[in-house]
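The chains referred to below are lettered A, B, ... by the order of the sequence lines, with proteins before strands, and numbering in each begins at 1.
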Protein chains: 2
Amino acid sequence: MTAPATARARARAELTREILDAARAQLATDGADRLSLRAVARELQMVPSGLYRYYASRDDLLTALIVAAYDALGDAADRALAAAPAGDHRRRWRDVCRAVRTWAVSHPHEFALVYGSPVPGYRAPADTVGPATRVYTLLLGVLTDAARAGQLAPAPGGEALPTGLHEDTTALLATLDVAALGAARLLRAITAWTQVLGAVGQEVFGHLAGAFRDDALFFDHTVDLMADLVGLPPG
Amino acid sequence: MTAPATARARARAELTREILDAARAQLATDGADRLSLRAVARELQMVPSGLYRYYASRDDLLTALIVAAYDALGDAADRALAAAPAGDHRRRWRDVCRAVRTWAVSHPHEFALVYGSPVPGYRAPADTVGPATRVYTLLLGVLTDAARAGQLAPAPGGEALPTGLHEDTTALLATLDVAALGAARLLRAITAWTQVLGAVGQEVFGHLAGAFRDDALFFDHTVDLMADLVGLPPG
DNA sequence: GCGTCGTCAAGAGCACCGTTCTCGACGCAG
DNA sequence: CTGCGTCGAGAACGGTGCTCTTGACGACGC
């Protein structure tokens, strides 16, 4: 698939990317459900039906946008973690969370696409679950690092995995190396990540409604509380 | 406006309500941005333009639906609080939170309408801010009751209101009687409510993705952690 | 009791949308 | 250089929110 590289194949790959870029630009300004195949086609000076040569449907284009958003968010988180000091686990946690928030507030529609109300009539295909778990596994890695370094406060619970998890989730966690975290702390980690996402969502979706003079400070407050929750030592 | 009660006025009020009910039914099945004036009109066997005699625009109808959703959620919370034992403040907190979740999972689209990604192009008018704060003030009341009864764990911070709040929020809180809560705890209460909403949103919007066998247990876990956070005594 | 007037239902029409189809043109492999 | 396959153009279908005009009908003043 990658080999032929005829002029036609290259032109096709290029146009496929241009379509995605134009769609992302329109998504950034107008939002997911205002995404219009016709407008994208206009932008690229082609006729609407021409897009169907590259994406089978609006949903297909949406899926590509979702994967792109997950990847952009994952990249931002990766960069934040790489830039954080190796030994300061609480700060690594905080910086990754901050990167998530920063990316979300500067790409609100893309954040909404992946973590907001689902787009009506759209059903996420399996291709999206991989990129979707990137930040989640990254934060779990931060915690296991801290646990291995003996930097995590003791937490109750002894089983390898929390009860109440669905079998698929258990299987996913088994592929990671989370044994150093106890069951109770793993459950708290899932809770903490859910809460961080929830806090970002509340802010991005405007439900904080300007209650705070600086939403970033409120977010830091939440991230700190969640760091306490998972047993990260105070910086 | 309420006085005349002519047959015409009554018919008008009735039809206004029927339109709202039909729209709510359509919202419940199809979602907010699939809400179609034409479909509502079809349902009521009238012509689409006829609806404009009762709601000036699609946005007006949307506003009515938002207020109705806030009220339904507020009513559910009120009922839960009324049914909870007066002295058990932690249980009162938990029951109200549970009622919020229960209402949300059984009315996902209405929940998304008020607490999800904002409907693009729609700007909430001032009429919606009153109903929007109902559950929030209700939970603050639970906490102040507990504080007055001396049932809240001590928390740091001495000022009357948390710093970092916007002036409008400070003004709103001043109308409530939250002096019994310290500044730090008030901030934590706001955090806790944000987190509860976030947890409900994650579940309703499908981002828990079936990670748990029973999402209600996970939610209870979160609510418990948040009760700890605001200093409610263990039940 | 009649005529005016405001309110309302109805319909036509505009500018969009996603999607499907056909058709002519053109690049490229044989 | 011929034929296949891809490509973009264009038209069409049924849907959307919304505006504007038209005509009927009940209420109220005189």
Side-chain angles (χ1 to χ4, degrees), chain A residues 1 3-20 22-23 25-27 29-66 109 113 119-123 125, chain B residues 1-20 22-23 26-27 29-66 109 113 118-123:
Chain A
M1 298 296 176
T6 76
R8 200 123 94 170
R10 272 189 293 108
R12 178 180 178 82
E14 196 167 318
L15 191 45
T16 304
R17 172 160 205 88
E18 277 179 28
I19 292 172
L20 189 68
Q26 186 175 328
L27 169 67
T29 61
D30 290 349
D33 48 3
R34 291 286 176 93
L35 182 67
S36 147
L37 286 191
R38 293 179 118 92
V40 171
R42 262 197 305 270
E43 175 79 19
L44 298 177
Q45 314 239 52
M46 58 193 298
V47 83
S49 57
L51 293 186
Y52 284 79
R53 302 277 180 198
Y54 300 88
Y55 294 94
S57 70
R58 186 174 178 272
D59 277 12
D60 264 36
L61 183 54
L62 220 47
T63 299
L65 285 171
I66 287 175
H109 288 120
L113 183 61
V119 178
Y122 172 80
R123 193 74 202 124
Chain B
M1 296 298 175
T2 60
T6 76
R8 204 127 91 173
R10 271 190 292 107
R12 177 179 180 81
E14 197 167 318
L15 190 45
T16 303
R17 171 159 207 90
E18 278 178 29
I19 291 173
L20 189 67
Q26 187 176 117
L27 170 67
T29 61
D30 290 350
D33 50 1
R34 290 287 176 93
L35 182 67
S36 148
L37 288 190
R38 296 179 113 90
V40 171
R42 263 197 304 269
E43 174 79 19
L44 298 177
Q45 314 240 50
M46 60 193 299
V47 82
S49 58
L51 294 185
Y52 285 80
R53 301 286 180 187
Y54 301 88
Y55 294 95
S57 70
R58 188 175 177 270
D59 276 12
D60 265 37
L61 183 54
L62 219 46
T63 299
L65 285 171
I66 287 174
H109 288 120
L113 184 61
V119 178
Y122 173 81
R123 194 73 204 126

Does the D:dG17 base have a donor-acceptor partner in the side chain of B:Arg38 within less than 3.5 Å? yes

Quiz: residues 31-54 of chain A side-chain donor-acceptor pairs under 3.5 angstrom, not counting sequence neighbours:
from	atom 1	to	atom 2	distance (Å)
A:Arg34	NH2	B:Pro120	O	3.1
A:Ser36	OG	A:Arg38	N	3.2
A:Ser36	OG	A:Ala39	N	2.8

Calculate, to the nearest 0.5 Å, the distance between atoms CZ and OG1 belonging to A:Arg58 and A:Thr63 respectively. 11.0 Å

5' to 3' on DNA chain C, which nucleotides open and close the contacts with chain B (atom under 4.0 Å from a heavy atom)? C:dC8 to C:dG13

A quick test of your reading: do over 12 heavy atoms of other residues, nucleotides or ligands sit less than 6.0 Å from CZ of B:Arg17? no

Stretch residues 46-57 of chain A: residues that reach within less than 4.0 Å of DNA chain C through a heavy atom: A:Ser49, A:Tyr52, A:Ser57

Heavy atoms of A:Tyr55 and A:Ile19 approach each other most closely as CE1-CG2, 3.6 Å

Pull out every residue in residues 58-65 of chain B that has a heavy atom closer than 4.0 Å to any atom of DNA chain D, ordered by number, or say none. B:Arg58

Please list, in numerical order, the residues of residues 11-19 of chain B that have a heavy atom closer than 4.0 Å to any atom of DNA chain D. none

How is A:Arg34 classified with respect to the nucleic acid when contacts are heavy atoms under 4.0 Å: base, sugar-phosphate, or nothing? nothing

Whole Å only: how far is the CG atom of B:Asp30 from the C1' atom of D:dG15? 14 Å

note: B:Asp33, atom CG; D:dG17, atom P; distance rounded to Å ~ 11 Å

Closest nucleotide of DNA chain C for B:Gln45 versus for A:Leu35: which of these residues is on the 5' side? B:Gln45

Five pairs at each end of the helix from C:dG1-D:dC30 to C:dG30-D:dC1: take the axis at both ends and give me the angle between them to 10°. 10°

